[in-house]
Amino acid sequence: MKKKVIVANRLEQEALDELKKHADVSCFYNIISTENEEFVKKLKEAEGIIGLGLNVDKQLLDLAPNLKIVSNVSVGYNNLDVEELTKRNIMATNTPDILTDTVADTMFGLLLATARRIPELDQYVKERKWKGDLTAEFYGVDVHHKTLGIIGMGRIGQAIAHRAHHGFHMDILYHSRTKKQEVEEKYNATYKNLENLLAESDYVLLITPLTKETRGMIGAREFSLMKETAIFINGSRGQTIVEKDLISALRSNEIAAAGLDVFEVEPIQPDNPLLDMPNVVTLPHIGSSTYETELAMSKLACKNLLAGLNGNKPPTLINEKVWKNK
Ligand code: NAP
Ligand code: GLV
C-alpha cells in the first residue's frame with residue numbers, strides 16, 4: 001500500500017506528479033495552521049509532510065501520530081521544532097546547496113538594485129517623467145570597490161563573497177560564529193566582531209538562519225553603529241532584525257537605504273511603512289525562486305521524503321540523531 005503523504009503549500013508540479021506515483025498524496029494550499037478540518041483528518045494518517053510554510057510544533061505533532069518525516073522545500077528550517085521532532089524520532093530534512101548560487105544572485109541583485117535605485121528609476125521612466133538630463137537627485141552610489149560586510153558566512157554568504165570579490169572587487173568583512181581561514185584566503189576576507197563589521201561596512205548583508213541566537217540580532221543599537229551612508233540588505237528571515245528599529249533608522253537617516261527579501265510578517269502587511277519608502281527595495285521572499293532551482297529543491301525534498309519513508313537515510317537529513325537511534 002502507498003504511504004500517506006501531505007503536500008503543504010509548495011511543491012513544483014513535475015515533482016508532485018512524480019511523487020504521486022510513489023505515495024498516496026493529499027495536497028493543501030494556503031494552509032498556515034491546523035484550523036482546517038480536512039487537513040487535521042489527513043494529518044492523523046500521514047507518515048510524511050512535504051513542502052511546508054507551516055510551523056511544525058508540538059501542537060501539530062500531537063495531531064500527527066504516524067509521522068515519520070517532515071521534508072522542507074527550503075534550506076532554512078526555523079519553522080520546525082527540531083528538538084521536538086527528534087524527541088519523537090521524526091526525521092526532518094531541508095534543501096541545502098542546490099539553491100546557494102541562486103540565492104546569492106538574488107542578494108546581489110537586491111544590493112545592486114538598492115544602491116543604483118533601479119526600481120525607483122524604472123518607475124520614473126515608465127511614468128514618462130524622463131524629459132532630459134538627470135541631476136544628482138537621481139544618482140545612486142557605487143558598489144564596486146566598496147566594503148561589503150556579510151553576517152553569516154555559510155554556503156550563501158560565501159557565494160555572495162565570491163561574486164563581490166571576483167565580480168566587483170569589493171573589500172569583504174564577515175561575521176559568523178566561527179572564523180574561516182579558507183574563505184579569508186579565497187576572497188581576501190577579514191573576520192570582524194559584529195560591532196566593527198557594522199561600523200566599517202558600506203553594505204551590511206544579513207544571511208544567517210533564524211535561531212534563538214539570531215532572533216532580533218540587528219536592532220536599534222546595531223543600526224546606530226552603521227555608517228549614515230550604509231545600505232542594509234536582509235536575505236535571512238524577517239525576525240533576525242527588529243523591523244520597527246529598521247523603520248526608525250531609515251526615517252532618521254541613521255542609514256541610507258535597505259533592500260529586503262524577508263519581513264517580520266509575510267506576506268508584508270499593506271500598512272507597513274517600509275512600502276512607502278523610496279529608499280527601500282522590496283522582494284516577496286523570492287531568493288531561491290527560479291524555475292530551475294525551485295524544481296531542483298522540490299525534487300530533492302521528494303527524494304528526502306521517499307528515502308525516509310522507505311527506511312533509507314534521507315540525503316539531507318537535519319536531525320542525524322533520529323537516524324542513529326534507528
Ligand atoms: P549555512 O550554510 O548554515 O550558513 C549560515 C551561516 O550563519 C554560518 O556561517 C553560521 O556561522 C552563521 N550563523 C549562525 N548563527 C549565527 C550567529 N548567532 N551569529 C553569527 N553568525 C551565525 O546556511 P545557508 O545555506 O547559507 O543559509 C542561510 C540562511 O539564509 C537560511 O537559514 C535561511 O534563513 C536564509 N535563506 C533565505 C532565502 C531567501 O529566499 N531569502 C533563501 C535561502 C536561505 P558558522 O559558519 O560559524 O556556523
Ligand atoms: C528560503 O527562504 C529558504 O530558506 O530556502
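A quick note: this is a predicted structure, and the numbers were derived from the prediction, not measured. Ligands are counted one by one from 1 in listed order, and the atoms in each one are counted from 1 as well. Residue numbers start at 1 and run along the sequence shown.
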Contact between [X] and ligand 1, counting heavy atoms under 4.0 Å?
X    : answer
K180 : yes
P96  : no
V75  : yes

Looking at G152, which atoms of ligand 1 are within less than 4.0 Å of one of its heavy atoms? 6 (C), 7 (O), 9 (O), 12 (C)
How does V103 reach ligand 1, if at all, at less than 4.0 Å between non-hydrogen atoms: by side chain, backbone, both, or neither? side chain
Counting heavy atoms under 4.0 Å, the part of D261 that contacts ligand 1 is side chain
Quick check: [Y] with [X] (ring centres under 6.0 Å apart)?
X    : Y    : result
H166 : H162 : yes
H285 : F263 : no
H144 : H169 : no

Checking D57 side chain against L60 main chain: does a donor-acceptor pair fall under 3.5 Å? yes
Return yes if some donor-acceptor pair links the side-chain N/O of R117 with the main-chain N/O of A113 below 3.5 Å, else return no. no
Got an N/O contact under 3.5 Å between G76 and ligand 2? yes
So is T178 polar-close to ligand 1, meaning N/O to N/O under 3.5 Å? yes
